[in-house]
Amino acid sequence: MTETVKNNRIIIFDTTLRDGEQSPGASMNLEEKLRIATMLDQMGVDVIEAGFPIASNGDFEAVSEVAKVVKQATVCGLARAAEKDIDRAWEALRHAKRGRIHTFISTSPLHMKFKLQMEPETVLDMIAKSVSHARNLTDDVEWSAEDATRTEHDFLCRAVEVAIKAGARTINLPDTVGYTVPTEYQAMFELVLKRVPNADKAIFSSHCHNDLGLAVANSIAAVQGGARQVECTINGIGERAGNAALEEIVMALRVRGDALPYVNNIVTEKLTPASHMLSTITGLAVQANKAIVGANAFAHESGIHQDGMLKNAQTYEIMTPESVGLRKSSLVMGKHSGRHAFRDKLRDLGYGEVGDNALEDAFRRFKDLADRKKTVYDEDIIALVDDEVRGNDRVKLVSLDIHCGTKGPQTAAIELSIDGEIKATTATGDGPVDAIFNAIRNLVEHHAHLQLYQVHAVTGGTDAQAEVTVRLEEDGKTVSGQGADADTLVASARAYIHALNKLFVKRLKTAPQSLSA
Ligand SMILES: CC(=O)SCCNC(=O)CCNC(=O)[C@H](O)C(C)(C)COP(=O)(O)OP(=O)(O)OC[C@H]1O[C@@H](n2cnc3c(N)ncnc32)[C@H](O)[C@@H]1OP(=O)(O)O
Ligand SMILES: CC(C)C(=O)C(=O)O
């Protein structure tokens, strides 16, 4: 570490409202920007880059209004190396408690030649003029060498020297196109900090894009190379593949404080609410497996992991969900789950201690369901367990095979266990449900009338479980049964059988009898 780095405090510079807003589709209106700015301020961000005031009247107004509402953070406005940009930025920042002008110009040969169409000496001259002009307005001036990572080192050092001499207090060396790699970026900071006279008069800053998925790793490497400001955005939104994600940098520094001994001011418990607020406002969804704030970041599906989590959460979590503002981890019930998690889920759902046999049967059916259904919701498990733990049913469904469709006849081949004996039959009907009920009637003697047949989807989606209700009436006795399954026809059979079992309980109270037809 060079001598120019005096402490280990990292300034968190958030550019969600400026570079983040440059994401296609991320435009925010004034009221939305104010909500984000207030949230960033409360979260402990040190600098909020609120916009590019010369870009439009709307951007100017947004920076100006953000400057009025922000209480703690420095509010920053971006400007090209042009007096009119800088004046406009400063005008927008007039009401800020602390305002910063951020001016930039490209320093790479490619950008200077083709984009700016300027000689390097002209660029150096523009750096001196723009930074001096900004310094005449405020002490807090940041200068950025756009495309620093593709800039020749000698020229970069000369440009940084000119910017510091002109009064820049913060020197930002962006990886504008997400091109660098961690070791190279770290070395670049070390070199510039070592070679540039008066480098210790400025705070060095990183600004990384994610074109190669390295933005966070590069930002951390910059810190290791001596940067003490990190520019980033919530959810990593930003131009093209985005910027370095604030929540990832902050949590890496917090969780790995042993390897990365740096501190910052962020209230990490606000990270998840901030992420949700931003994605709701912009409509840019956060990918489920995104670190820290993705829907799956604290979700565990596989049985071995769930078992470990139930025994000690540290087995599979390196930070607590509470530390990032999430209420708790979730054990997602799916085809990879095991019995420990299933039993725990049943307790959570209020079933208390389910007997081993009932648990085993319900678990087997849950696994079958999970094989067929993308997501198994709590409601699915409730429907399934209610179906299973009903007690000592005399009639049980063993198998069901249906033939249906346009060609007919609709036929049901069914196998039932009746008082422990397996019986099978085939029946036709007006539609598959009628065929099933006729088949059941063939095997189980009863003369109940069907009063109600009702189906509803337990959850959304075409793979949702169906919950069927059947009401039967026999000799003035009315019973209703429920059945649940991802297959509506199986659910229908279960519901009918459930109602019959209830009917037999009622019948038995008057005259015990055999059930088989
Ligand atoms: C890496 C970054 O993220 S930089 C920030 C990028 N963000 C944005 O561009 C969003 C806001 N931008 C805008 O609204 C517009 O581009 C404006 C208002 C800034 C400029 O609009 P226009 O005047 O129509 O120019 P346009 O955008 O077409 O071209 C940019 C001009 O600025 C010049 N320029 C680019 N960067 C700089 C700079 N840092 N300093 C000085 N001039 C610059 C270009 O060379 C070009 O000049 P030219 O017109 O002489 O060829
Ligand atoms: C203006 C600078 C900081 C920038 O956004 C970049 O280089 O990506």
Side-chain angles (χ1 to χ4, degrees), residues 11 13-24 26-28 47-63 76-89 92 100-108 110-120 122-131 133-134 141-151 156 159-160 162-163 168 170-180 185 188 203-212 214-215 218-219 222 227 229-233 236-244:
I11 295 166
F13 176 116
D14 180 278
T15 183
T16 304
L17 296 177
R18 199 278 297 172
D19 212 333
E21 210 204 15
Q22 289 173 210
S23 308
S27 291
M28 295 169 242
V47 185
I48 298 173
E49 186 162 55
F52 195 161
I54 197 83
S56 68
N57 290 336
D59 240 45
F60 177 87
E61 194 192 359
V63 176
C76 174
L78 188 64
R80 288 172 297 181
E83 283 194 8
K84 62 175 181 189
D85 283 35
I86 292 168
D87 291 342
R88 192 78 173 138
R100 172 181 296 186
I101 296 174
H102 178 189
T103 182
F104 72 99
I105 193 161
S106 297
T107 51
S108 67
L110 194 73
H111 275 220
M112 290 191 293
K113 183 168 179 196
F114 294 103
K115 187 183 80 168
L116 298 174
Q117 300 176 346
M118 284 176 196
E119 292 301 320
T122 312
V123 169
L124 292 179
D125 189 45
M126 286 177 77
I127 296 169
K129 286 196 175 117
S130 56
V131 174
H133 184 70
V141 175
E142 172 168 337
W143 175 76
S144 287
E146 187 183 350
D147 206 17
T149 51
R150 293 192 295 173
T151 298
L156 183 63
V160 170
V162 168
T170 303
I171 299 291
N172 185 33
L173 304 180
D175 184 28
T176 304
V177 289
Y179 177 72
T180 197
Y185 201 43
M188 187 187 81
I203 288 173
F204 279 71
S205 169
S206 72
H207 176 113
C208 295
H209 282 269
N210 208 28
D211 300 67
L212 292 175
L214 291 171
N218 286 335
S219 303
Q229 173 176 286
V230 174
E231 302 194 359
C232 45
T233 60
I237 68 166
E239 193 86 42
R240 305 182 309 280
N243 287 62

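Order of listing sets the numbers, starting from 1, for every ligand and every atom in it.
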**Q** Would you call the rings of H209 and H207 parallel, tilted or perpendicular if under 30° counts as parallel and over 60° as perpendicular?
**A**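 Rings of H209 and H207: tilted, as their planes differ by 30° to 60°.
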**Q** M126 versus ligand 1: do any nitrogen or oxygen atoms come within less than 3.5 Å of each other?
**A**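 No, since none of the N or O atoms of M126 sits under 3.5 Å from an N or O of ligand 1.
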**Q** Mind checking whether E239 has a heavy atom under 4.0 Å from ligand 2?
**A**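 False for this residue.
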**Q** Is the shortest side-chain heavy-atom distance between M126 and L116 below 4.5 Å?
**A** no
**Q** Can you name the atoms of ligand 2, numbered from 1 with element, that are less than 4.0 Å from a heavy atom of N172?
**A**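 Heavy-atom distances to N172 below 4.0 Å select 3 (C).
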**Q** Mark the output for E239 as yes if a heavy-atom distance to ligand 1 is under 4.0 Å, and as no if none is.
**A** no
**Q** Distance alone, cut at 3.5 Å: any donor-acceptor contact between the side chains of T180 and T149?
**A** no
**Q** N/O of D19 under 3.5 Å from N/O of ligand 1, yes or no?
**A**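 No, since none of the N or O atoms of D19 sits under 3.5 Å from an N or O of ligand 1.
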**Q** Regarding S108 and D147, do their side chains bring together a donor and an acceptor under 3.5 Å, going by distance alone?
**A**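 Result is yes, a qualifying pair exists.
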**Q** In terms of atom number and element, which parts of ligand 2 are under 4.0 angstrom from non-hydrogen atoms of E146?
**A** 7 (O)
**Q** Using a 4.0 Å cut-off to any heavy atom of R18, which atoms of ligand 2 qualify?
**A**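 Near R18, the atoms of ligand 2 are 1 (C), 2 (C), 3 (C), 4 (C), 5 (O).
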**Q** So for ligand 2, is H102 a polar contact partner (N or O within less than 3.5 Å, distance only)?
**A**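 No, no N or O pair falls under 3.5 Å.
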**Q** Which atoms of ligand 2 sit under 4.0 Å from any heavy atom of S144?
**A**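 The list of qualifying atoms is 3 (C).
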**Q** Can you tell me how far apart SG (C76) and CD1 (I48) are? Round to the nearest 0.5 Å.
**A** 10.5 Å
**Q** Find all atoms of ligand 2 within a distance of less than 4.0 Å from any non-hydrogen atom belonging to H209, and give their numbers and elements.
**A** 8 (O)
**Q** Can you tell me which portion of T176 lies within the under-4.0 Å heavy-atom range of ligand 2? Options are side chain, backbone, both, or neither.
**A**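 Both the backbone and the side chain of T176 come within reach of ligand 2.
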**Q** Look only at interatomic distance and state if Q22 has a nitrogen or oxygen under 3.5 Å from any nitrogen or oxygen of ligand 1.
**A** yes
**Q** Test your reading of the structure: does I54 have an N or O sitting under 3.5 Å from an N or O of ligand 1?
**A**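 In fact, backbone or side chain, I54 has no N or O that close.
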